[in-house]
Amino acid sequence: MPLKYQAPRGTRDLLPEEIGRWQWAEARARGVLERYSYAEIRTPEFEEFDLFARTSGETSDVVQKEMYRFRDLKGRDLALRPEGTAGVCRAYLERNLAARGRVHKLWYLGPMFRYGRPQKGRFRQFFQVGAEIIGTPAAAADVEMVTLFVDLFRAWGFAGLTVALNSVGTPATREEYARRLREWLAPVRERLSADSQKRLEVNPLRVLDSKDEGDRALLEGRAGAGGALPRMLDVLDPESRAHWEQVLAGLAALDVRCEIDHGLVRGLDYYTRTAFEVHDRSLGAQSALGGGGRYDGLIEALGGPPTPGVGFSIGLDRVLLALEDRAVTPPAAAPRVFVAGMEETHAEVAALARALRAEFVVDYDFEARSLSTQLKAADRGGARVAVLLGAEEWGRGEVLLRDLATKAQRAVPRGEIAAQLRAMLGSAPEVSAR
RNA sequence: GUGGAUGUAGCUCAGCCGGUAGAGCACUGGACUGUGGCUCCAGGUGUCGCGGGUUCGAACCCCGUCAUCCACCCCA
């Protein structure tokens with residue numbers, strides 16, 4: 001069909017039939033976050049372009065080619081947020097949250113925007129839920145972050161996901177590591193893929209997670225690059241190493257299963273020390289469900305005092321995509337009541353429905369169609385009970401209550417409708433059960 | 001941003017070397033304005049993604065464009 005308007009590329013409509021899954025996932029997340037004692041924060045969906053350029057790194061792909069950047073009518077240089085951390089840290093500084101207590105535990109949920117080529121699990125507008133602990137360098141905060149991270153996935157019903165964990169040290173150790181890596185790769189440089197040769201110039205650490213098979217063979221030493229591949233963990237400064245050991249010990253004490261991944265590098269420049277992420281194989285190429293880590297230099301880079309932070313974000317679109325393949329019970333639909341009128345009583349339907357709506361989920365037919373059509377509509381709408389306003393019964397001050405599943409039907413005095421419905425439907429149902 | 005595949009009814013899909021719209025399901029109304037799921041009848045089921053070109057003639061061939069999917073890049 002030749003439609004004049006389509007949703008912009010990479011965006012989509014979430015229709016009523018799938019909204020239930022989203023609300024369920026969001027409610028689950030909210031519950032876990034609140035029990036962990038995190039406070040929700042909502043920041044603007046667009047910010048000054050420079051905020052993201054500064055925090056993500058001028059040379060990062062996100063800033064270079066994936067930003068929805070625009071000027072407003074006054075010429076301000078703005079961008080739709082590509083991630084959540086920058087805005088939260090900006091708010092922390094601008095609203096001086098530090099004055100209300102040193103450590104803040106915050107969470108957010110909302111749409112993010114990146115201009116990439118869409119594919120399965122990658123959209124230009126997508127939703128993230130994330131959490132941050134700002135104000136403490138303690139390894140215990142890293143431990144809680146990873147724990148909260150896995151508990152969210154558990155609340156959604158994931159089983160057997162493994163968190164990949166690494167330390168990316170400090171900017172100085174990263175530089176040292178990049179130097180060693182470059183050195184190590186120098187002899188085989190010509191044999192690296194074209195992409196990786198470019199990475200070696202721009203961001204050597206990126207070579208580590210190349211998907212090219214030849215690259216992988218070289219990295220794993222099978223192609224004879226000689227000597228063991230240098231590891232990030234081997235070049236950590238003493239403080240970062242101690243921090244790393246504490247994180248590992250803390251996670252072990254809580255029985256949180258992690259796998260050390262020496263190739264784990266984060267895409268954004270502001271990460272320091274702990275880095276973690278989780279993937280799901282059912283998703284194809286875009287398999288990252290979420291990731292996070294420590295960002296001790298970020299707030300200072302925004303012009304604030306040196307303030308440590310640690311956080312993560314999770315892609316909700318991908319979570320729901322991965323959950324499609326699994327047996328997830330959708331939230332139970334609220335039991336519904338359908339009020340059906342006859343020729344003589346149609347005028348009474350709206351008022352009765354409105355009264356019952358104080359307590360029940362109630363619907364009726366706007367068009368006063370035949371009784372059989374109304375019952376058909378009641379069926380399709382998922383109603384469990386029909387309230388039939390028969391002319392004769394109505395005249396006696398009664399209505400008929402019909403159980404649509406069993407077809408059992410009986411006359412009930414008008415004053416007892418609510419009580420009878422309560423009995424039939426089970427105690428007062430919540431509109432959004434679960 | 002790069003490479004490849006695919007766009008026909010609301011959905012899932014047919015349509016031989018170019019010859020003038022198809023099936024199932026769903027949907028709407030009626031048979032049936034005092035009783036729903038069944039059945040029957042009647043029906044929208046459509047500029048064959050959009051634009052241009054070749055041709056007497058294009059759903060089919062060519063070019064462009066938009067969208068989706070897959071992979072790369074990157075990431076959630």
Side-chain angles (χ1 to χ4, degrees), chain A residues 1-12 15 56 59-67 81-85 110-130 193-196 198-199 202-203 206 209-212 265-268 277-280 283-292 312-322 338 340-346 365 367-394 399-409 411:
Chain A
M1 175 153 40
L3 289 175
K4 186 165 181 187
Y5 296 108
Q6 295 178 305
R9 178 159 213 218
T11 69
R12 56 189 180 146
L15 299 178
S56 297
T59 62
S60 68
D61 272 45
V62 172
V63 172
Q64 297 256 315
K65 55 177 205 188
E66 292 183 356
M67 206 84 107
R81 61 182 183 188
E83 52 93 28
T85 302
M112 307 293 163
F113 307 84
R114 286 183 208 174
Y115 189 92
R117 178 125 37 144
Q119 68 187 79
K120 182 173 189 168
R122 180 165 66 193
F123 307 96
R124 289 181 171 181
Q125 174 177 323
F126 57 100
F127 289 81
Q128 285 189 337
V129 56
S193 65
D195 272 335
S196 284
K198 209 172 301 160
R199 290 191 187 101
V202 186
N203 187 353
R206 282 260 158 259
D209 51 19
S210 169
K211 285 177 192 167
D212 183 88
V265 205
R266 304 259 62 221
L268 306 178
E277 58 187 39
V278 66
H279 290 257
D280 185 290
L283 290 180
Q286 307 305 319
S287 64
L289 285 173
F312 64 73
S313 66
I314 297 172
L316 271 180
D317 306 77
R318 289 184 186 175
V319 164
L320 288 170
L321 213 52
F338 195 97
M342 313 287 175
E343 211 166 354
E344 305 83 349
T345 58
H346 279 307
D365 181 27
E367 297 173 1
R369 291 178 295 177
S370 70
L371 181 61
S372 51
T373 305
Q374 290 183 74
L375 284 170
K376 203 176 288 183
D379 247 351
R380 285 195 201 148
R384 279 181 34 195
V385 177
V387 179
L388 308 180
L389 307 197
E392 211 174 293
E393 292 86 350
W394 189 255
V399 301
L400 292 167
L401 293 190
R402 179 177 181 83
D403 183 314
L404 288 168
T406 65
K407 296 188 173 186
Q409 174 174 308

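Every chain is numbered from 1, with letters handed out A, B, ... down the list of sequences. Reckoned from all heavy atoms, side chains included, excluding hydrogens, waters and symmetry mates.
- In this structure, of B:C75, B:G36, B:U33, it is B:U33 that holds the atom nearest to the side chain of A:His346.
- Heavy-atom minimum distance, A:Pro111 versus A:Gln125: CB-NE2, 3.8 Å.
- On the P atoms, B:G10 is 7 Å away from B:U47, given to the nearest whole Å.
- A gap of 13 Å separates the P atoms of B:A42 and B:G24, to the nearest Å.
- Counting any heavy atom pair closer than 4.0 Å across all strands shown, A:Asp317 reaches no nucleic acid atom.
- Taking every side-chain heavy atom of A:Gln6 into account, B:C66 is the closest of B:U68, B:U35, B:C66.
- Side-chain N/O atoms of A:Arg369 include one lying less than 4.0 angstrom from OP1 or OP2 on B:G29.
- Within the 4.0 angstrom heavy-atom criterion, only backbone atoms of the sugar-phosphate kind lie near A:Leu289; the bases stay farther away.
- The residue A:Gly291 sits apart from the nucleic acid: no heavy atom pair falls under 4.0 Å.
- A pairwise comparison of heavy atoms in A:Phe126 and A:Phe113 identifies CE2-N, 4.1 Å as the closest pair.
- A gap of 37 Å separates the P atoms of B:C13 and B:C56, to the nearest Å.
- Going from atom NZ of A:Lys376 over to atom CG of A:Asp365 covers 12.0 Å, rounded to the nearest 0.5 Å.
- One distance of note links CD of A:Glu277 with OG of A:Ser313; it measures 10.5 Å at 0.5 Å rounding.
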For nucleotides 1-6 of chain B, list the nitrogen or oxygen atoms of the protein found under 3.5 Å from its nitrogen or oxygen atoms, one pair per line.
unit_1 : atom_1 : unit_2   : atom_2 : d
B:U2   : O4     : A:Arg117 : NE     : 2.9
B:U2   : O4     : A:Arg117 : NH2    : 3.1
B:G3   : O6     : A:Arg117 : NH1    : 3.4

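- Remark: A:Gln374 CD to A:His346 NE2 distance equals 5.0 Å, nearest 0.5 Å.
- Taking every side-chain heavy atom of A:Ala288 into account, B:A76 is the closest of B:G37, B:C72, B:A76.
- Mapping A:Thr11 and A:His279 onto RNA chain B by nearest heavy atom places A:Thr11 closer to the 5' end of the strand.
- The phosphate of B:U28 (OP1 or OP2) has a side-chain N or O of A:Arg380 nearer than 4.0 angstrom.
- Picking from B:G34, B:G37, B:C74 the nucleotide with the shortest atom distance to the side chain of A:Asp379 gives B:G37.
- Taking the P atoms as reference points, B:C72 lies 35 Å from B:C16, given to the whole Å.
- When distances run from any side-chain atom of A:Glu393 to the nucleotides B:G34, B:G36, B:A67, the shortest one goes to B:G34.
- In terms of the side chain to side chain contact (heavy atoms under 4.5 Å, CB included) criterion, residue partners of A:Arg124 (sequence neighbours excluded) are, by chain and number, A:Arg9, A:Tyr68, A:Tyr115, A:Pro118.
- In this structure, A:Arg122 contributes its side chain and A:Arg117 its backbone to a donor-acceptor pair below 3.5 Å.
- B:A21 and B:A14 are spaced 12 Å apart, taking the C1' atom of each and rounding to whole Å.
- Across all strands, A:Phe127 comes closer than 4.0 Å to no nucleic acid atom at all (heavy-atom distances).
- Nearer to the 5' terminus of RNA chain B, by closest-nucleotide assignment, is the contact made by A:Lys120 (compared with the other of A:Lys120 and A:Arg114).
- Across B:C74, B:A76, B:G34, the shortest atom-to-atom separation from the side chain of A:Glu392 is found for B:G34.
- Within the nucleic acid shown, A:Ala391 comes within 4.0 Å of at least one base atom, counting heavy atoms only.
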**Study point:** Strand RNA chain B as a dot-bracket string - pairs counted if Watson-Crick or G-U with both distances under 3.5 Å, | where the partner lies in another strand
**Key:** (((((((..((((.....[..)))).(((((.......))))).....(((((..]....))))))))))))....
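- Comparing the C1' positions of B:U8 and B:G46 gives an interatomic distance of 8 Å, to the nearest angstrom.
- Across all strands shown, A:Gly10 has heavy atoms under 4.0 Å from sugar-phosphate atoms exclusively, and none from any base.
- Taking the side chain of A:Glu343 as heavy atoms from C-beta on, and the options B:U68, B:U33, B:U35, the nearest nucleotide is B:U33.
- Residue side chain A:Gln409 reaches the base of B:U35 through a donor-acceptor N/O pair under 3.5 Å, judged by distance alone.
- Taking atom P in both B:U2 and B:A76, the straight-line distance is 23 Å, to the nearest Å.
- Rounded to whole Å, the C1' atom of B:G44 lies 10 Å from the corresponding atom of B:A9.
- A:Leu388 comes within contact range of at least one nucleobase, with a heavy-atom separation under 4.0 Å.
- Remark: the A:Arg199 side chain and the B:C74 base include no donor-acceptor N/O pair separated by less than 3.5 Å.
- With values rounded to the nearest 0.5 angstrom, A:Phe338 atom CZ is found 10.0 Å from A:Leu388 atom CG.
- Residue A:Ser313 is in sugar-phosphate contact alone, with no base atom involved, counting any heavy-atom pair closer than 4.0 Å across all strands shown.
- Side chain of A:Thr373, nearest nucleotide from B:G30, B:A76, B:U35: B:G30.
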